[in-house]
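See below for the structure under consideration.
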Amino acid sequence: MMEGEDDGNVLKLYEEMKLKMAAMEKMIQRKRKRDGVQKVTGASAVTASANSTEPTTAESKAAELKAAETTGAETSAESGASIVAKLEVETPATIPTKPAKRQRKEDDNISGDVMPASGVETNQTAAIPAPSNSSSGQINGQVKVEPQDGEEKASEQQELTEEEKLWEKVQADPADFDTWVSLASSLEQKDDYSFLRKVLRALLKEFPLCYGYWTKLAELEKRHGHPQLQLQTCGEGVRAARHCHEMWTYYCCIDIDAKDDELVAETRRRFEEAAEVVGNDFQAHTFWNKFLEFETLHEDYKRVARIYLRILATPLALLDEYYKKYQEFASSRPLDDLLTEEESKTFDPKSVEESEKFRKEIMGRHEQLYLRAKKVKDAVDLFENRVTRAYFHVKEVDVSDIANWHAYLDYNEKWVSQSPDRTAGAMKVYERCLVACANYPEFWIRYANFLAKTRGKDYENETRAVFERATKIFTKRQPEAFLEYAIFEETTGNVKHARELYEIVLSKIAPGLVEGVVNLANFERRQGSLENAARVYEEGLRASPKETISFLAGRAANFHWRVRGDIKQAQEILEDAVSQAPGDISLWFQYITFTASTNTAFEETKKIYERALSTDSSTSEDKMILAAHYLEFASNNASNAEELWKIKERFPNVSNLLVFTKRRIQAEDSTPAATGSEGKLVQATQSASASTTAVSSSTATAVNASAASSATGTNAQMGYTQQQAASYYQQYGYGYQAYPQGQYNYSNQGW
């Protein structure tokens with residue numbers, strides 16, 4: 001046989017061996033993945049091979065291959081079959097190699113060296129250079145192929161369960177209530193005690209008013225044999241959701257069937273405490289039913305009578321039904337059950353007629369309690385029956401419900417002003433409102449203002465506690481309550497805490513918030529630190545987007561001009577602002593007003609008008625409004641008629657429309673609301689003679705719009721839709737302003 005043919009046969013045998021090894025390695029890798037076994041590196045494979053009892057070292061295989069090369073084609077085929085048979089029953093560790101022919105370029109590595117077969121872990125000899133791959137290491141001249149970082153991460157990701165993925169999601173976004181619900185439901189089905197307990201406690205830390213999840217956590221502890229932890233959980237629940245009668249009812253009923261005297265006494269204590277806290281809730285009939293059931297079960301009918309007495313004095317939704325039940329009870333029970341302890345000692349009836357007469361007298365007194373409570377119930381029915389959701393949920397509250405709560409609070413505050421002893425009742429309504437509307441800062445602010453006004457300085461800690469609940473639990477990601485809290489703390493002399501609250505808003509809650517910047521600057525001004533106020537404005541302007549630059553620049557310029565007397569600095573601020581937002585008409589009006597107020601020369605103000613009209617960023621409608629103001633300004637301030645005539649020639653349509661609107665204003669006592677460009681021109685003409693007023697009006701509109709825009713991220717957590725938020729901000733301003741009591745519009749409710 002020719003030497004060339006011999007070499008060709010050997011190489012052919014080698015290539016066949018390599019293909020079989022690659023196929024076998026793929027099978028092994030698939031099995032390892034199924035079994036969860038990590039890949040064996042080249043070094044560990046060498047160790048396994050060395051510990052094998054069979055002679056499968058690289059030297060023995062190389063010797064067999066050498067023998068095949070020297071004995072001819074038949075011997076080569078026989079030796080090759082023997083090697084392949086061994087490889088099929090062993091895990092491949094090393095392979096003999098021979099200088100191979102150059103493969104196609106796409107099979108080469110970056111340096112042009114031949115790569116090992118895909119998926120094969122090899123310890124190559126020096127005959128094949130090691131590939132220059134950053135994921136491989138070389139030990140003693142042998143290449144160890146390691147798994148890529150991406151492969152390890154993908155493997156770790158595959159190992160996460162669905163619940164673990166949901167847990168990671170809520171850790172990243174704790175306000176994602178829907179994901180919390182999905183995670184808790186999934187774990188509840190599996191009854192995974194430790195994980196479910198961890199999830200429920202984390203959920204309730206974020207949403208403490210979800211009484212349903214407090215009961216789920218308590219039931220979990222009970223189901224897994226932890227009665228003390230069940231009681232502990234209920235105790236935490238009634239503290240967190242203190243004005244939730246459903247939570248109290250569950251807590252009271254844990255041992256309602258107990259026979260042990262200590263447990264009976266403890267259960268009675270819970271019922272009594274609950275009656276003080278939630279007994280006057282309009283919908284608390286479930287609680288009162290359980291309380292009556294508990295005392296009836298233990299046949300303590302004197303206590304049952306006293307419970308009925310408390311119910312009849314409370315304006316409950318089912319007051320009429322309770323009165324009927326009381327009549328049945330009072331008519332059927334012995335008279336002694338209806339008597340108080342004092343009456344039992346003194347009353348000694350001589351006959352049945354005397355007893356029945358006294359029974360009617362007692363029932364008559366109780367009827368008067370019922371009638372007084374019914375009068376109150378009938379008065380509040382209008383409001384109570386319009387409450388569509390009295391419990392907490394992250395979903396937004398209906399606009400009709402918000403209006404109803406405000407009307408209900410107005411009614412209670414008016415009642416308190418006439419009868420101060422009704423303060424506790426009004427506070428109860430506030431607390432109930434703050435269960436359903438816990439995500440709405442306006443109600444927290446209103447409640448705090450109510451307490452500050454009615455309770456006075458002696459009870460300022462009550463007001464502070466309301467603000468603490470709002471800023472640390474329920475509206476901790478919204479700025480409004482923080483800003484109002486800071487004003488409250490400033491009025492009480494706690495200046496340090498007030499400054500901290502402002503800084504929290506601007507550093508964590510809403511960085512760059514215009515209202516936060518202005519409030520902090522004014523706070524520093526009131527403390528006599530004008531330099532700090534100037535610094536606050538400077539940092540705010542630097543971070544302000546062009547959508548809010550108009551309002552902030554106007555406030556900053558006004559501060560430097562009127563407070564510090566630095567006209568040059570004020571002008572620089574306005575110049576920088578118009579360069580950033582050249583299309584903002586309200587900003588130009590502020591600049592015009594500033595220039596007209598600080599410079600009596602007509603030409604200087606004229607330049608600002610001309611710059612505003614020449615910008616390409618303004619809309620044609622805005623330019624028409626600017627032109628109308630310009631004409632009015634020129635007619636009042638131009639030094640000669642020629643100057644005025646030139647301006648009129650430039651805007652003939654605006655001039656004619658201006659004359660028309662003037663005549664209409666003169667002919668009518670009041671101008672009806674107009675829409676579109678004509679309506680804007682009417683408003684512009686009315687205020688043109690006093691440009692400062694016009695600027696203030698335009699600025700106020702821009703402020704409200706920009707405030708609503710800057711609060712977009714907050715609105716989702718508050719529960720407002722964008723349209724509702726914009727409407728609210730336009731009517732009441734943004735956030736820190738107190739709710740204007742008695743000015744809420746209820747006309748669309750038919751009241």
Side-chain angles (χ1 to χ4, degrees), residues 243 278 280-284 314-317 372-392 396-456 459 462-463 465-467 469-470 474-475 480-481 483-485 487-488 718-720 724-725 727-751:
H243 295 274
V278 298
N280 58 350
D281 192 310
F282 192 74
Q283 300 290 342
T314 307
L316 300 172
R372 284 197 294 269
K374 180 174 173 56
K375 186 177 180 180
V376 176
K377 172 190 173 296
D378 292 341
V380 300
D381 262 345
L382 176 67
F383 307 106
E384 292 286 356
N385 292 335
R386 291 176 181 270
V387 176
T388 60
R389 191 180 81 195
Y391 56 89
F392 170 80
E396 65 183 45
V397 180
D398 289 342
V399 176
S400 60
D401 261 27
I402 292 176
N404 179 63
W405 279 115
H406 276 303
Y408 198 1
L409 295 172
D410 284 342
Y411 169 80
N412 278 273
E413 289 183 10
K414 185 177 180 180
W415 198 352
V416 169
S417 66
Q418 297 172 357
S419 303
D421 60 331
R422 280 289 304 168
T423 301
M427 291 173 63
K428 175 61 182 178
V429 176
Y430 264 112
E431 291 290 353
R432 288 180 54 215
C433 169
L434 288 171
V435 172
C437 304
N439 288 341
Y440 290 76
E442 63 189 274
F443 290 104
W444 290 100
I445 293 170
R446 180 170 180 173
Y447 187 22
N449 289 339
F450 167 75
L451 291 176
K453 180 178 67 175
T454 58
R455 307 286 276 178
Y459 293 91
E462 287 186 352
T463 305
V466 171
F467 278 124
R469 287 160 61 194
F474 300 104
T475 63
E480 294 93 331
L483 298 177
E484 186 72 11
Y485 190 10
I487 294 175
F488 169 78
M718 291 173 63
Y720 290 138
Q724 291 166 0
S727 174
Y728 178 84
Y729 293 137
Q730 280 201 345
Q731 187 170 4
Y732 299 120
Y734 180 63
Y736 70 94
Q737 298 173 350
Y739 168 77
Q741 299 177 21
Q743 299 179 23
Y744 207 87
N745 181 13
Y746 309 117
S747 58
N748 62 338
Q749 302 299 321
W751 296 339

* Is any side-chain heavy atom of Glu384 less than 4.5 Å from a side-chain heavy atom of Arg432? -> yes

* Nearest heavy-atom neighbours spanning Lys377 and Pro315 -> N-CB, 3.8 Å

* Pairwise distance CG(Asn404) to CG(Asp398) - rounded to 0.5 angstrom -> 11.0 Å

* With a 4.5 Å heavy-atom cut-off, do Glu484 and Asn449 have their side chains touching? -> yes

* To do: In sequence, state the C-alpha distance, the side-chain angles, and the governing distance for Thr463 and Tyr459, and then conclude on side-chain contact (heavy atoms from CB on, under 4.5 Å).
  => CA-CA 7 Å; Thr463 305; Tyr459 293 91; over 6 Å; no

* To do: For the pair Asp401 (side chain) and Val387 (backbone), establish whether a donor and an acceptor sit closer than 3.5 Å, ignoring hydrogens and angles.
  => no

* **Asp381 and Phe282, any side-chain heavy atoms less than 4.5 Å apart** => yes

* To do: Assign the ring pair Tyr447 / Tyr430 to parallel, tilted or perpendicular, where the plane angle (0 to 90°) is split at 30° and 60°.
  => parallel

* Asked: Would you say the side chain of Lys428 lies within less than 4.5 Å of the side chain of Val278, judging by non-hydrogen atoms?
  -> yes

* Asked: Are Tyr408 and Cys433 side-chain neighbours, meaning at least one heavy-atom pair lies under 4.5 Å?
  -> no

* Hey, is the main chain of Ala470 close enough, under 3.5 Å, to the side chain of Thr475 for a donor-acceptor pair? -> yes

* Could you check Glu431 against Val435 for side-chain contact (heavy atoms from CB on, under 4.5 Å), going step by step and ending with a plain yes or no? => CA-CA 7 Å; Glu431 291 290 353; Val435 172; over 6 Å; no

* **Any Arg455 side-chain heavy atom under 4.5 Å of Phe450 side chain** => no

* Heavy-atom distance under 4.5 Å between the side chains of Leu451 and Met427, does that happen here? -> yes

* Asked: Does the pair His243 and Asp281 meet the rule for a side-chain contact (heavy atoms from CB on, under 4.5 Å), with working shown?
  -> CA-CA 8 Å; His243 295 274; Asp281 192 310; over 6 Å; no

* May I ask you to test the Arg446-His406 pair for a side-chain heavy-atom distance under 4.5 Å? => yes

* Do you know which two heavy atoms are closest between Tyr411 and Ala379, and how far apart they sit? -> OH-CB, 3.3 Å

* Asked: Passes salt bridge (charged side-chain N to carboxylate O under 4.0 Å, His left out), Asp410 versus Lys414? Steps please.
  -> CA-CA 6 Å; Asp410 284 342; Lys414 185 177 180 180; over 6 Å; no

* Heavy-atom pair of closest approach, residues Ala426 and Val416 -> CB-CG2, 3.6 Å

* Are Trp444 and Phe474 close enough that their ring centers fall under 6.0 Å? -> yes

* Asked: Can you check side-chain contact (heavy atoms from CB on, under 4.5 Å) on Trp415 and Val376, steps first, answer last?
  -> CA-CA 11 Å; Trp415 198 352; Val376 176; 3.7 Å; yes

